[in-house]
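Read through the structure below, which is laid out as structure tokens, and then see the notes.
All ligand and atom numbering here is 1-based and tracks the order in the structure.
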Amino acid sequence: MSAIDAPPDLASPFPAYRGLDDAALAERIEAVRRRMGRRLVILGHHYQQDGVIAHADFQGDSYQLSKSAAERAECEAIAFCGVHFMAETADILANRPEKVAARGGRRVTVVLPDMAAGCSMADMAAIDQVEDAWEDLGSVIDTADVTPVTYINSAASLKAFCGRHGGIVCTSSNARAVLDWAFAKTKRVLFFPDQHLGRNTARTMGIPLDEMCVWNPHQPRLGGNAPAAVQRSRVILWQGHCSVHAMFKPEHVDAVRANLPGVKVLVHPECSMEVVDKADLAGSTSYIIKQVQAAPPGTTWAIGTELHLVKRLEQQHPEQTIRFLSPVVCMCATMYRIDLAHLCWALEHLETGKPVNVIRVDDETARWAVTALERMLAVK
Ligand code: 13P
Ligand code: SF4
């Protein structure tokens, strides 16, 4: 009996799946998809490896995936091929109280194939730190005049904090529109956890650097700022970053410009301001894909974002020259944890009604997080 013919051994621990080759795993994943049909939706972020993306019903950036989860009323289960905060967001949006009521009380089960698929940036802001910062800020400025904005790359508890305090969630594709929304309401914004997306976006709005300060949550008082620095700031930037995008450096842009005449440098706004300033274009993963898709044959690109997406673009667009911006490998190790073995393991358990790695945000957190997420989804 080949591995493909073998019935799933659900009693076995995950390592049993490790022994299967990719073709066997792919076949078993497709078999679950066929049997579950529309009851199952597999969502995949653009940074997922090709073998995993091949099984996704829908591929997208963080914003598109949130929208997609919010719209999935009919399915019974979502397998999220991405990272933890994305699966949490899918659970919150797919299981809004009115949606659950419309389904007669049935929840959509959301699973993350590998629970170790986290996000180091999201881990840079903890709810206790944000609450302490809010209180500390209140000693020098009026927090009624501050909108907290959390990048979607954050724990559900931070989204709930924003929900409770008149704040909002943003993604890399709507950060500008979200900041416009926030500044229409209040004089200042507390932006967490990604300082780079916050700074890059605020700069496109003409906010000068001396009206921004960086809040180091490990400093005992005012994030390491003098009271006057906080008081003159319109944007208070949490000192967090993406360790993948931090690896792109301004000198990499200089090097590709010297070596590739006519190159267009296209980067993600999680890169530092120095890199974004030297680039030709900056935007979300979907924006990056659209730029390449729309470019004429013969265009030369150097792209600064996660390796798997750049490699896929390179394969899909042989009519263009596509290079990785950095000479060193910049890949998201946690996104990469989702592989065929974990996906197969998660799906086969899901199908038998004994799901593993279920992501379930508690009701109180979800109630407030959905407020902040719905504000984002309403921003045009
Ligand atoms: P987007 O796909 O929304 O651009 O986000 C990139 C990212 O880092 C996801 O973790
Ligand atoms: Fe987090 Fe960066 Fe990985 Fe995105 S690429 S999931 S921000 S560590």
Any [X] heavy atom less than 4.0 Å from ligand 1:
{"X": "Y47", "result": "yes"}
{"X": "E306", "result": "no"}
{"X": "N153", "result": "yes"}

Heavy-atom distances under 4.0 Å are what count here, so tell me which part of [X] touches ligand 1: side chain, backbone, both or neither.
{"X": "H46", "answer": "neither"}
{"X": "V83", "answer": "neither"}
{"X": "H45", "answer": "side chain"}

Candidate pair E270 and H241, rule side-chain hydrogen bond (donor to acceptor under 3.5 Å, both in side chains), full reasoning: CA-CA 7 Å; E270 288 175 14; H241 66 273; over 6 Å; no

F248 and F324 aromatic ring geometry - parallel, tilted or perpendicular at 30°/60° bounds: perpendicular

Aromatic ring pairing Y17/H349, orientation class (parallel under 30°, perpendicular over 60°, tilted between):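 Correct class here is tilted.
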
For [atom], closest protein heavy-atom neighbour:
{"atom": "atom 3 (Fe) of ligand 2", "value": "C332 SG, 2.4 Å"}
{"atom": "atom 6 (C) of ligand 1", "value": "H268 NE2, 3.4 Å"}
{"atom": "atom 1 (Fe) of ligand 2", "value": "C119 SG, 2.3 Å"}

Over 12 foreign heavy atoms within 6.0 Å of CD, E135: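 Open.
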
Enclosure of Y287 OH (heavy-atom neighbours >12, cutoff 6.0 Å):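 More than 12 heavy atoms, drawn from other residues, nucleotides or ligands, come within 6.0 Å of this atom.
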
Atoms of ligand 1 close to [X] [distance to a heavy atom under 4.0 angstrom, numbered from 1]:
{"X": "S284", "answer": "4 (O)"}
{"X": "E270", "answer": "6 (C), 7 (C), 8 (O)"}
{"X": "D61", "answer": "1 (P), 2 (O), 3 (O)"}
{"X": "S62", "answer": "1 (P), 2 (O), 3 (O), 5 (O), 9 (C)"}
{"X": "M86", "answer": "9 (C), 10 (O)"}

Within-4.5 Å side-chain heavy-atom neighbours: R96 and E374: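 Result yes, sub-4.5 Å side-chain heavy-atom pair found.
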
4.5 Å side-chain heavy-atom contact, W181 and C170: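 They are not in contact (no side-chain heavy atoms under 4.5 Å apart), so the answer is no.
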
Test item, S120 contacting ligand 2 (heavy atom, 4.0 angstrom): yes

C242 N/O/S atom closer than 2.8 Å to atom 2 (Fe) of ligand 2: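 Within the cut-off used here (under 2.8 Å), C242 does place an N, O or S atom near atom 2 (Fe) of ligand 2.
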
Short side-chain donor-acceptor distance under 3.5 Å, S66 and T89: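 Looking only at side-chain atoms, S66 and T89 do not form any donor-acceptor pair under 3.5 Å.
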
Side chains of T171 and S173, donor plus acceptor under 3.5 Å: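 The answer is yes; a qualifying pair exists.
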
K311/D50 ion pair, N-O < 4.0 Å: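 Salt bridge: no.
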
Residue part near ligand 2, for E270, under 4.0 Å between non-hydrogen atoms: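 The answer is the side chain.
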
Numbered atoms of ligand 2 (with element) below 4.0 Å of Y47, judged on heavy atoms: 5 (S)

Closest contact, heavy atoms only, H45 versus G82: CB-CA, 4.5 Å

Cluster link V178 to V130, ILVMFWY, side chain under 4.5 Å: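 Different clusters: V178 never reaches V130 through Ile, Leu, Val, Met, Phe, Trp or Tyr contacts under 4.5 Å.
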
Ligand 1 to S172 polar contact by distance, N or O atoms, under 3.5 Å: yes

Selection from D123, N153, T305 by shortest heavy-atom distance to atom 7 (S) of ligand 2: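 Among D123, N153, T305, the closest heavy atom to atom 7 (S) of ligand 2 belongs to N153.
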
